There are 2 protein chains.
Amino acid sequence: MISSIAELISDRIGTMPAGERRAAQTLIANYPLTGLKTVAEFSAAAGVSSPTILRFVARLGFQNYPEFQSALQDELAAQLQSPASRTLNPASPVGGGAVSPMLEATLQNMRETFRHLSDKQLADIATRLAERRGKTFLIGGRFTDPLARYMAAHLAIIQPDVYHLAGQESIWRDRLIDMGKRDVLVIFDIRRYQESLVRFAEKAHQRGVQIVLFTDQWLSPIARFARHVIAGRTAVPSAWDSSAALFVVAETLIGAVTRQLEAAGAKRIRDLESLR
Amino acid sequence: MISSIAELISDRIGTMPAGERRAAQTLIANYPLTGLKTVAEFSAAAGVSSPTILRFVARLGFQNYPEFQSALQDELAAQLQSPASRTLNPASPVGGGAVSPMLEATLQNMRETFRHLSDKQLADIATRLAERRGKTFLIGGRFTDPLARYMAAHLAIIQPDVYHLAGQESIWRDRLIDMGKRDVLVIFDIRRYQESLVRFAEKAHQRGVQIVLFTDQWLSPIARFARHVIAGRTAVPSAWDSSAALFVVAETLIGAVTRQLEAAGAKRIRDLESLR
DNA sequence: CAAAATACGTAACATACGATACAGCGCTCC
DNA sequence: GGAGCGCTGTATCGTATGTTACGTATTTTG
């Protein structure tokens with residue numbers, strides 16, 4: 001049973017054309033606010049044209065845009081008024097310390113992040129990472145590069161041809177020569193988005209590379225070029241943004257890819273197990 | 001200080017004429033949804049005419065109706081993103097998918113990890129990291145080194161002399177010469193514990209270096225030499241162990257150190273802010 | 001109680017919004 | 001490699017929306 005529009009979208013996002021999928025991703029990224037704005041603003045936020053937005057809402061089963069907005073508003077009204085919304089964790093365990101809020105916010109971020117992320121989406125991404133015929137490249141920004149390294153460290157064990165792109169921009173820019181449409185590029189990029197990464201992503205996209213983007217809820221501009229976008233919540237009561245939600249998504253994906261390869265009976269996995 | 005539009009309204013509702021007051025009451029009644037609808041719908045809901053609605057928003061200080069709506073949307077956006085007010089849909093939809101168990105286990109790991117970790121412990125470690133008189137070194141194992149990098153990337157910004165030890169063992173072994181009792185060494189080590197790290201930790205300990213250890217619940221042998229031990233839960237339904245709990249602890253510490261340095265009015269922090 | 005000022009609604013207007021037709025483009029499949 | 005299909009953006013149109021002017025009603029004040 002599909003109760004919310006968000007679920008409806010996650011359900012059908014797989015069958016949507018590229019433009020409408022970008023609309024869907026943008027809407028999910030900060031749901032449901034983008035859908036309450038005008039078509040023009042929505043389209044600008046998603047980087048597509050107005051008709052694409054209208055086709056998007058039509059595909060969801062709405063007769064017209066106002067009807068779509070009304071549905072979103074009704075949903076929001078129910079959510080805001082539901083008593084459940086006020087009853088979460090009553091008991092921050094005292095402490096008075098500044099720790100609990102941090103943990104609570106982080107846990108909340110993870111729930112939120114996964115709420116906007118359907119099992120199917122994750123499975124699709126895992127499949128792309130597992131069944132890719134070419135190579136896998138991973139790269140991240142100033143603070144997120146460790147996440148790229150973490151993921152690369154795991155994937156490189158269960159798959160051949162997994163490369164983390166490190167060091168100077170000039171170094172990985174030259175690696176573009178090796179990339180083609182059979183390859184996958186995993187990019188981590190949260191605010192403040194790095195110009196160099198955007199440029200790199202664009203060029204990779206032009207070469208037909210499939211891009212999987214890990215970003216925050218405000219979506220890196222790289223989302224324009226990405227085949228798959230994962231928007232993680234990053235807000236915590238701290239001077240820094242939190243990458244913890246993205247970290248967990250990464251771990252989940254690592255697990256899913258491993259499982260798929262195991263299920264496929266990949267020779268490499270068997271060889272690995274015999275080595276241990 | 002008036003932060004929300006709702007406060008602004010209740011502040012001025014006393015000075016409003018009857019019609020506008022009805023508009024105000026209607027809006028407050030199911031705030032802020034009525035304000036996101038059209039003027040015609042708003043006026044119908046309040047039982048007044050359109051111009052009355054417009055005069056109402058004008059009295060609140062808005063130039064026109066769209067500006068008023070934008071303000072409401074911004075406020076709603078902030079509210080939806082803040083962890084406090086947000087709820088999650090009842091009980092994860094229990095898809096047969098393999099995702100929910102992974103997330104649930106991870107969340108549980110974090111709660112458990114923090115349950116065994118008092119605020120005081122964390123504060124002590126943060127103090128050691130913030131007030132250390134010497135240098136800070138960070139290093140990790142095969143899968144945890146990215147966590148060391150992540151922490152180093154942040155600490156290096158707010159403190160001088162923060163070094164991540166990378167590359168071959170022979171390289172960081174030589175750095176031992178630089179280490180003394182005023183220095184702090186942060187080590188990440190989970191199963192299977194790496195011999196090289198244990199040796200390194202021992203030698204550092206002999207030189208009087210203060211060791212902060214991030215490990216799993218079974219405790220790396222390094223715990224023998226460590227001044228502070230953080231034991232994170234790592235078990236998840238996956239072929240791999242999860243470092244997510246340790247990651248969150250690391251983020252928490254980063255935040256705590258930052259706060260302490262700010263509170264101490266560290267010159268570097270002020271300089272940083274002036275740079276931004 | 002009278003007169004003035006303020007508040008409110010009706011009606012007309014202009015803008016900008018959503019909707020649609022159409023053409024160009026890339027992609028897939030034979 | 002070519003033909004067909006489907007997706008996407010541009011341009012145009014009708015309309016619903018916010019806005020304003022003005023006349024009437026209501027309250028306030030001397």
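Labels below follow one simple rule: chain letters A, B, ... track the order of the sequence lines, proteins then strands, and each chain is numbered from 1. Model, not experiment: these values are computed from the prediction.
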Problem set entry | B:Arg21 side-chain N/O to B:Met16 backbone N/O, donor-acceptor pair under 3.5 Å | yes
Exercise. Which part of the nucleic acid does A:Pro51 contact within heavy-atom distance under 4.0 Å: base, sugar-phosphate only, or nothing?
Worked result: base
Exercise. Is the A:Phe137 to A:Trp172 ring centre distance short of 6.0 Å?
Worked result: no
Problem set entry | With A:Ala256 via side-chain contact (heavy atoms from CB on, under 4.5 Å) - residues at least two apart | A:Ala126, A:Arg259
For this session: Figure out the CD/C1' separation between B:Glu20 and D:dT26, and round it to whole Å.
Result: 15 Å
Exercise. Does a salt bridge link A:Glu112 with A:Arg115, judged by any charged N lying under 4.0 Å from a carboxylate O?
Worked result: yes
Exercise. Could you state the CZ-P distance from A:Phe62 to C:dA19, rounded to the nearest angstrom?
Worked result: 13 Å
Exercise. Checking B:Ser43 side chain against B:Val39 main chain: does a donor-acceptor pair fall under 3.5 Å?
Worked result: yes
Problem set entry | Rounded distance in Å - CD1 (A:Ile53) to C1' (C:dT20) | 16 Å
Exercise. To the nearest Å, how far apart are B:Leu54 CG and C:dA14 P?
Worked result: 18 Å
Exercise. Taking CZ from B:Arg59 and P from C:dT6, how many angstroms apart are they, rounded to a whole number?
Worked result: 12 Å
For this session: Calculate the interatomic distance between A:Tyr65 atom OH and D:dG14 atom C1'; express it in whole Å.
Result: 19 Å
Problem set entry | Axis deviation across the helix from C:dC1-D:dG30 to C:dC30-D:dG1, five-pair ends, to the nearest 10° | 40°
For this session: Could you tell me whether the side chain of A:Asp174 and the main chain of A:Ile171 form a donor-acceptor pair under 3.5 Å?
Result: no
Exercise. Is A:Asp124 salt-bridged to A:Arg128, cutoff N-O under 4.0 Å?
Worked result: no
Seminar exercise, completed: With the side chain defined as heavy atoms from C-beta on, A:Thr38 is closest, among C:dG18, D:dG9, D:dC7, to C:dG18
Exercise. How long is the line joining CE of B:Met16 and P of C:dC8, in whole Å?
Worked result: 11 Å
Problem set entry | B:Lys37 NZ to D:dA16 C1', straight-line distance once rounded to whole Å | 16 Å
Seminar exercise, completed: Among the nucleotides C:dG9, D:dT8, D:dG9, whichever has the atom closest to the side chain of A:Val48 is D:dG9
Exercise. For C:dG9, does OP1 or OP2 lie under 4.0 Å from any side-chain N or O of B:Thr52?
Worked result: yes
Exercise. Nearest nucleotide by nearest heavy atom, which residue falls closer to the 5' end of DNA chain D, B:Val39 or A:Ser50?
Worked result: A:Ser50
Exercise. Looking only at N and O atoms, is any donor in the side chain of A:Arg55 or the base of D:dG6 less than 3.5 Å from an acceptor on the other one?
Worked result: no
